[in-house]
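Here is the structure we will look at.
When a ligand or atom number is given, it counts from 1 through the structure's own listing order. Each residue takes its place number in the sequence, starting with 1. What you are looking at is a predicted structure, and each value in this text was computed from that prediction instead of being measured.
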Amino acid sequence: MNERAFIIIKPDGVRRGLIGEIVNRFEKKGLRPVYAELKELSGETARSHYGHLKEQVFFDELIAYMTSGPVFAMIVEGRSAVANARSLIGPTNPVKAPPGTIRGDYGSDIDENVIHSSDSLDHASREIQLFFGRTGLLHKL
Ligand code: CMP
């Protein structure tokens with residue numbers, strides 16, 4: 001089924017010049033970018049995005065990382081976009097991510113794991129509203 005998924009190339013990915021390479025992998029998989037913004041996250045947005053992790057010991061470090069430079073946030077469209085995006089990026093911990101996945105090829109530590117992808121359509125909808133201020137983007141531009 002055709003879906004839209006929400007992706008964030010995190011500050012380390014942007015800093016290292018990986019936007020083109022990563023977008024290319026989504027395009028080759030048949031996931032077409034339909035909207036994107038290069039933007040600096042406020043602390044408030046980052047804390048809201050990761051609100052479910054606020055009790056974790058790494059929370060403050062995670063917020064500092066996500067606000068350390070611009071992120072490239074995008075919506076991609078294609079068949080089973082949420083599940084396909086998550087298999088392209090690989091497991092959260094780059095140490096465990098197989099070669100061939102984005103985190104497996106470009107990440108080296110869980111603290112800076114290059115990329116985020118929403119784990120469900122519901123979360124994609126919430127994250128799109130938070131990042132772009134428009135839920136409608138999940139369905140149609
Ligand atoms: P992400 O998929 O964006 O979702 C939660 C983020 O928390 C994760 O990627 C990592 O960037 C970050 N994180 C940092 N340390 C840990 C940890 N020990 N376990 C899980 N996530 C972590």
Side-chain angles (χ1 to χ4, degrees), residues 1-139 141:
M1 196 178 71
N2 242 22
E3 282 175 358
R4 289 187 171 188
F6 178 67
I7 312 294
I8 307 167
I9 302 178
K10 298 182 179 184
D12 56 321
V14 173
R15 252 192 305 273
R16 290 164 58 206
L18 297 174
I19 295 174
E21 171 65 30
I22 291 173
V23 170
N24 192 243
R25 289 183 178 218
F26 281 93
E27 289 181 317
K28 282 185 186 160
K29 184 77 177 171
L31 300 179
R32 188 174 61 92
V34 292
Y35 189 82
E37 287 183 17
L38 185 68
K39 60 188 295 169
E40 304 223 4
L41 297 188
S42 65
E44 190 186 4
T45 299
R47 279 192 292 275
S48 173
H49 177 65
Y50 285 123
H52 58 295
L53 299 174
K54 66 175 183 292
E55 306 301 336
Q56 300 291 327
V57 285
F58 57 81
F59 184 70
D60 289 346
E61 200 181 339
L62 175 60
I63 300 308
Y65 158 52
M66 290 301 291
T67 56
S68 66
V71 300
F72 187 80
M74 70 173 169
I75 301 173
V76 295
E77 181 177 283
R79 290 201 165 256
S80 302
V82 171
N84 272 319
R86 286 182 69 83
S87 78
L88 266 189
I89 73 175
T92 306
N93 189 345
V95 171
K96 297 187 177 147
T101 63
I102 293 169
R103 285 168 171 160
D105 288 349
Y106 300 117
S108 53
D109 195 286
I110 197 163
D111 292 336
E112 299 206 350
N113 64 353
V114 186
I115 189 164
H116 164 85
S117 174
S118 312
D119 59 5
S120 66
L121 278 178
D122 275 356
H123 286 165
S125 173
R126 179 186 171 275
E127 292 171 4
I128 286 168
Q129 171 66 34
L130 178 67
F131 277 69
F132 301 144
R134 288 184 277 168
T135 325
L137 284 172
L138 184 59
H139 306 295
L141 284 174

Between the protein and ligand 1, which nitrogen or oxygen pairs come in under 3.5 Å, and how far apart is each?
unit_1: ligand 1; atom_1: 2 (O); unit_2: Arg103; atom_2: NH2; d: 3.0
unit_1: ligand 1; atom_1: 3 (O); unit_2: Lys10; atom_2: NZ; d: 2.7
unit_1: ligand 1; atom_1: 3 (O); unit_2: Tyr50; atom_2: OH; d: 2.5
unit_1: ligand 1; atom_1: 3 (O); unit_2: His116; atom_2: ND1; d: 3.1
unit_1: ligand 1; atom_1: 9 (O); unit_2: Lys10; atom_2: NZ; d: 3.1
unit_1: ligand 1; atom_1: 9 (O); unit_2: Asn113; atom_2: ND2; d: 3.0
unit_1: ligand 1; atom_1: 11 (O); unit_2: Lys10; atom_2: NZ; d: 3.0
unit_1: ligand 1; atom_1: 11 (O); unit_2: Asn113; atom_2: OD1; d: 3.2

So, Asp12 versus Tyr65: side-chain donor-acceptor pair below 3.5 Å or not? yes
Between CZ of Arg16 and CD of Glu112, what distance do you get to the nearest 0.5 Å? 8.5 Å
Tyr50 versus Gln56, side-chain donor and acceptor atoms under 3.5 Å: no
Interatomic spacing from OG1 in Thr101 to CZ in Arg25 - rounded to 0.5 Å: 7.5 Å
Nearest 0.5 Å please: distance from the CD1 atom of Ile22 over to the NZ atom of Lys10. 11.0 Å
Just verifying a value: how many Å separate Thr92 OG1 and Ile115 CD1, rounded to the nearest 0.5 Å? 12.0 Å
